[in-house]
Amino acid sequence: MGEKPTAAFALSLVGAIFIILGGIFYMALFSIIGGFISIIPGLEGLGGFFIVFGLMGLIWGILVLVGAVMMNSGDPGKVKTGSILVLIFSIISWFGAAGGFLIGFILGLIGAILGLTWKPEKPERTPPPPP
């Protein structure tokens with residue numbers, strides 16, 4: 001089994017959990033706020049918009065989680081792709097999950113950078129025996 005970017009995976013995974021929790025929190029908060037706003041005539045549809053906004057935060061968190069799992073594969077191509085997913089959706093998580101209470105954004109950003117800079121060690125080649 002090959003080497004894996006463990007620190008990048010762990011930070012991205014914890015960041016994804018915070019972003020998912022942020023998305024769930026904002027879905028609940030926005031549904032309450034949307035319920036109060038829907039009482040006002042002419043703003044009935046705004047409550048659904050708020051819930052969709054929180055749902056987007058949940059989706060961004062799940063996509064960060066997918067990127068973190070890809071980073072754990074150890075395959076350099078998948079690690080790079082997973083790191084890009086984590087980077088993009090950690091940044092986008094500000095819309096709908098408030099960056100996972102800021103902590104998820106920071107951890108996802110650091111994990112993505114570690115994943116993008118990770119290079120597997122080359123196995124040392126033993127010199128051929130002398131003739």
Side-chain angles (χ1 to χ4, degrees):
M1 194 82 173
E3 177 187 351
K4 296 180 182 181
T6 308
F9 164 70
L11 290 172
S12 299
L13 180 66
V14 174
I17 291 169
F18 273 103
I19 293 170
I20 289 170
L21 290 174
I24 292 170
F25 173 76
Y26 280 101
M27 275 180 41
L29 179 68
F30 290 157
S31 67
I32 292 169
I33 292 172
F36 286 124
I37 289 177
S38 65
I39 296 172
I40 301 170
L43 297 179
E44 294 88 11
L46 200 54
F49 171 75
F50 282 134
I51 294 172
V52 169
F53 194 69
L55 180 64
M56 285 177 14
L58 180 65
I59 292 169
W60 305 152
I62 291 170
L63 289 170
V64 170
L65 182 66
V66 168
V69 170
M70 287 178 70
M71 288 167 56
N72 196 35
S73 71
D75 174 33
K78 284 186 179 179
V79 170
K80 195 159 293 281
T81 303
S83 299
I84 292 170
L85 273 176
V86 170
L87 180 67
I88 290 171
F89 290 108
S90 290
I91 293 169
I92 292 176
S93 74
W94 278 103
F95 306 102
F101 307 112
L102 179 67
I103 298 169
F105 165 73
I106 292 171
L107 292 175
L109 191 65
I110 294 170
I113 291 169
L114 287 175
L116 286 170
T117 60
W118 174 78
K119 294 191 183 357
E121 290 184 15
K122 302 274 187 207
E124 291 186 25
R125 299 182 75 179
T126 56

Inset, instruction - Any chance you could lay out the ring-ring contact (aromatic ring centres under 6.0 Å, His included) test for F105 and F18, step after step, and finish with the verdict? - result: CA-CA 8 Å; F105 165 73; F18 273 103; over 10 Å; no
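A single hydrophobic cluster is seen to contain both L109 and W94, as judged by linkage of ILVMFWY side chains at heavy-atom distances under 4.5 Å, directly or through other members. Residues I33 and M56 fall within the same hydrophobic cluster, defined by Ile, Leu, Val, Met, Phe, Trp and Tyr side chains chained together at heavy-atom separations under 4.5 Å. In the hydrophobic clustering of ILVMFWY residues, with side-chain heavy atoms under 4.5 Å counting as a link, I51 and I62 come out apart. When hydrophobic clusters are built by joining Ile, Leu, Val, Met, Phe, Trp and Tyr residues whose side-chain heavy atoms come closer than 4.5 Å, directly or via intermediates, M70 is not grouped with W118. Both F9 and L85 belong to a common hydrophobic cluster when Ile, Leu, Val, Met, Phe, Trp and Tyr are linked at side-chain heavy-atom distances under 4.5 angstrom.
Across V79 and G115, no two heavy atoms sit closer than the pair CG1-O, 3.6 Å. Between G61 and A16, the closest heavy-atom pair is O-CB, 3.8 Å. Between A7 and L114 the shortest heavy-atom distance is CB-CD1, 4.2 Å. A pairwise comparison of heavy atoms in G111 and A8 identifies O-CB, 3.4 Å as the closest pair. Nearest approach of M27 to L58, heavy atoms of both residues: SD-CD2, 4.1 Å. Heavy atoms only, all atoms of each residue included: S90 and G108 are closest at OG-CA, 3.5 Å.
L29 contributes atom CG, which lies 13.5 Å from atom CD1 of I24 (distance to the nearest 0.5 angstrom). One distance of note links CD1 of I106 with CG of L11; it measures 11.5 Å at 0.5 Å rounding. Rounding to the nearest 0.5 Å gives a distance of 11.0 Å between OG of S93 and CD1 of I20. Distance OG1/T6 to CG/N72: 7.0 Å, rounded to 0.5 Å. Note that CD1 of I88 is 11.0 Å distant from OG of S83, once rounded to the nearest 0.5 Å. With values rounded to the nearest 0.5 angstrom, M71 atom CE is found 12.5 Å from K4 atom NZ.
Atom CZ of F101 has more than 12 neighbouring heavy atoms from other residues, nucleotides or ligands inside a 6.0 Å radius.
Inter-residue side-chain proximity for E121 and E3 is flagged as met; some heavy-atom pair is nearer than 4.5 Å. Looking only at side-chain heavy atoms (C-beta outward), L107 and S12 stay at 4.5 Å or farther from each other.
F53 has its ring centre no less than 6.0 Å from the ring centre of Y26.
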